[in-house]
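Positions are given from 1, in the same order as the sequence printed here.
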Amino acid sequence: MCGIVAYIGNKPVQPLLIEGLKRLEYRGYDSAGVASIDGGKLQIAKAVGRVANLETELDSIGGVSGSIGIAHTRWATHGGVTQINAHPHRDRDHGIALIHNGIIENYASLRTLLEAKGHEFTTETDTEVLGMLISHLYDPENGVDLEKAVQAALREVRGAYAIAVICEQEPDVMVCARKGSPLLVGIGNGEYIVASDPAAIIAHASQAITLDDYSVARLTRDGFRTSTVDDIEISPKVMQLEMDLEEIELGDFEHYMLKEIYEQPDALRRCLKGRLDKNEGKVVLGGLMSYAKELVKSRRVILTAQGTALHSAMIGEYLLEDLAKIPAECEYASEFRYRNPLIEDGSVVVAVSQSGETADTLAALHEAKDRGALSLGVINVVGSTIPRETDAGVYLRVGPEIGVASTKAFTGQVAVLTMISLFMARRRMMSPEASARLMQELDRVPDLIERVLETDDLIRKVTEKYVHRDNWLFLGRGYNYPTAMEGALKLKEISYIHAEGMPAAEMKHGPIALIDEGMPVVFIANQGNQYDKVLSNIEEVRTRGGHVIAVATEGDEQIKTLAEDVLYVPAVEECLSPMLTVVPLQLLAYHAAVLRGHDVDKPRNLAKSVTVE
């Protein structure tokens, strides 16, 4: 959600902070602000709206100066979208400024306590309460410096936080901390850049520290110290940032979403590279090898996720049962975490998340681990929280995904879940020949996606015919029922068109009442086990006046007699088909958003990574 960038070093701070904020714009936000210290004086600028508005505000006040500063993009939770509620927030007594991602759950009681002690608040935010609490505890004359004040304050709060704090009285010190919200410290040459996302770091540092929950870092130009909130010194792990600056540049594409749709063939080639031993008929997943025996003996697999990751996990459920012959179920992480789930001996939980920071998925993972489940992660972002807290896992290796509407992460997740299913299947009962044959097909998928992308112009023309319609249905069966849900989600996310995805047969149990003359109904009608059933469902829609857009298998002439428009994908094994059938749906949603004049990469009310409930 919100974005954090902070810097301490020897460079002018304003351009560096603004550059970092721009790299985080994809995360979703409604206001932005910066603060710096120069000559022992705190300088703050804030604005509602885009970072461009903040630049205008900075121009009007002559900018901020110095070589230490913090910056933030806010998505309102507590308090409306106003300039005064934007971060950074400051106290009145010590020149302390704070930026914060997350939610302080006990802010109301803390605010009441601080008001009773004479503190006056100017905003409606929970963040100002944390800043005031740090200020209240700050007492350098008695040995409570900024680091110790932050530690003491964090011992009193409940909730999630990633923070960066500076203070006029300690102009060469920055303190940052995290619990439940991501935060990295990039290590440069006599400088540090703190951010909630590697995208804001990669231009300035190739190594970073990933802060763990309840950890605090004190940064100066001469070095850093990391500790717990209880002031126990810890040794952080320094990791190599794997992101390439070119990967987060837009290049020749108009939008990141379109760029990432077109990146899917190469992204999947990276995902599959070195992992398919077709001679032995085995999938090689180094991250799972230490737990191969436990996986083979497992009795049940629970996949948990949210949003697009949930749809890939639903396909994973089908793959595990179909290929590995193991009972599997897919759960909304937000529901699983608050249930009393039955975790039996031999249970495996698989957490699926692009960012590795999804709050609900992380909480569901903790619940399952506490009950004794073996935990796996299917994650894209290296060094994020979920892979650090699972027993084992597999990275997608599809590269950074900037567009809020996930595309290449979805196909990467399906590819990885296919490989995990084959990894288990080959060790349980699948023959080497059957496994090798399916791996050969999986290896073809990137090339087949390239063929689908060649139909982009046709997909745009089809979209133009229906983009004025405000209600759509997406229907599929078997492996492509989750794909239908993903297609509907993409259309909703960026074009703001109401769409529903569901199993094709479920349409008859109520939703068929919605179909009227000209309503667009998208069927995933590739040739597979339930093809004839899908054709029957198409007939039911046609008799009620619905206009059918079919995603069908190349060479299928029969479908042309039933659908107003047909979008073809190459033939492939049915269990691999979602990685192809989803691509026309991604492009359809993209073109609908562009034709309606929406900001494709920054859809309203949405963020790339949902790190709070």
Is the backbone N or O of [Y] less than 3.5 Å from a side-chain atom of [X], with the two atoms forming a donor-acceptor pair by type?
X	Y	value
Thr73	Cys2	no
Asp197	Gly3	no
Thr304	Ala364	no
Asn480	Thr483	no
Ser355	Glu357	yes
Glu554	Ala571	no
Ser375	Asp391	yes
Gln306	Ala333	yes
Asn101	Ala162	no
Glu401	Thr407	yes

Is [X] salt-bridged to [Y], cutoff N-O under 4.0 Å?
X	Y	result
Lys259	Glu254	no
Arg460	Glu464	yes
Arg270	Glu263	no
Arg339	Glu331	yes
Glu441	Arg444	yes
Arg371	Glu367	yes
Arg469	Asp516	yes
Arg388	Asp213	no
Asp345	Arg300	no
Glu500	Lys492	no
Lys325	Glu321	no
Glu564	Lys465	no

(request) Look at the rings of Tyr318 and Tyr481 and say which category their plane angle falls in: under 30° parallel, 30 to 60° tilted, over 60° perpendicular. (result)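 Answer is tilted, since the angle falls between 30° and 60°.
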
(message) Can you tell me how the ring of Phe253 sits relative to the ring of Tyr262, calling it parallel under 30°, perpendicular over 60° and tilted otherwise?
(response)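 The arrangement is tilted - the two ring planes meet at 30° to 60°.
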
Using a distance-only test with no angle check, is there a side-chain donor-acceptor pair under 3.5 angstrom linking [X] and [Y]?
X	Y	value
Tyr256	Glu260	no
His498	Asp470	no
Tyr568	Asp556	no

Would a 4.5 Å heavy-atom cut-off, applied to side chains only, mark [X] and [Y] as touching?
X	Y	answer
Val522	Leu567	no
Phe474	Leu491	yes
Gln440	Lys278	yes
Leu585	Glu486	no
Leu587	Leu453	yes
Val350	Val301	yes
Met419	Leu442	yes
Leu376	Val349	no

(request) Go through the steps to decide whether Thr411 and Val414 satisfy the test side chain to side chain contact (heavy atoms under 4.5 Å, CB included), and finish with yes or no. (result) CA-CA 5 Å; Thr411 49; Val414 175; 5.7 Å; no

(message) Can you see whether Phe423 has Arg426 sitting over its ring - NZ or CZ less than 6.0 Å from the centre and within 45° of the normal?
(response)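 The answer is no, since Arg426 fails at least one limit relative to Phe423.
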
(message) Can you confirm if the NZ or CZ of Arg477 lies within 45° of the ring axis of Tyr531 and under 6.0 Å from the centre of its six-membered ring?
(response)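 Relative to the ring axis of Tyr531, which defines the angle, Arg477 lies outside at least one limit.
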
How far apart are the closest heavy atoms of [X] and [Y], and which atoms are they?
X	Y	result
Ala589	Ile494	O-CD1, 3.4 Å
Pro570	Val452	CD-CG2, 3.6 Å
Val398	Lys408	O-NZ, 3.1 Å

(request) Let me see the working for His547 and Asp565 under side chain to side chain donor-acceptor pair (under 3.5 Å), right down to the final yes or no. (result) CA-CA 8 Å; His547 282 196; Asp565 297 281; over 6 Å; no

(message) Atom CZ of residue position Arg299 - does it have more than 12 heavy atoms of other residues, nucleotides or ligands inside 6.0 Å?
(response)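 No, not enclosed.
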
(request) Decide if atom NZ of Lys282 counts as having more than 12 heavy atoms of other residues, nucleotides or ligands within a radius under 6.0 Å. (result)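 Counting other residues, nucleotides and ligands, NZ of Lys282 stays at 12 neighbours or fewer.
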
(message) Asp601: which residues meet the side-chain hydrogen bond (donor to acceptor under 3.5 Å, both in side chains) condition with it, sequence neighbours left out?
(response)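 Scan of Asp601 (side-chain hydrogen bond (donor to acceptor under 3.5 Å, both in side chains), adjacent residues dropped) gives none.
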
(request) Please list, chain by chain and in numerical order, all residues satisfying salt bridge (charged side-chain N to carboxylate O under 4.0 Å, His left out) with Lys297, sequence neighbours excluded. (result)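 Scan of Lys297 (salt bridge (charged side-chain N to carboxylate O under 4.0 Å, His left out), adjacent residues dropped) gives none.
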
(message) Once ring pair (Phe, Tyr, Trp, His ring centres under 6.0 Å) is applied, do any residues pair with His78, and if so which ones, sequence neighbours excluded?
(response)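 Partners of His78 under the ring pair (Phe, Tyr, Trp, His ring centres under 6.0 Å) test: Tyr107.
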
(request) Using side-chain hydrogen bond (donor to acceptor under 3.5 Å, both in side chains) as the criterion, point out the one residue from Gln413, Gln354, Arg397 that pairs with Asn380. (result)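 Going through the options one by one, the only one that passes is Gln354.
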
(request) Would you sort out whether Tyr590 and His255 count as a ring pair (Phe, Tyr, Trp, His ring centres under 6.0 Å), showing the intermediate values? (result) CA-CA 9 Å; Tyr590 171 78; His255 299 99; 5.5 Å; yes

(message) With a 6.0 Å cut-off on the ring centroids, do Tyr496 and His598 count as close?
(response)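 Between Tyr496 and His598, the centre distance is under 6.0 Å.
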
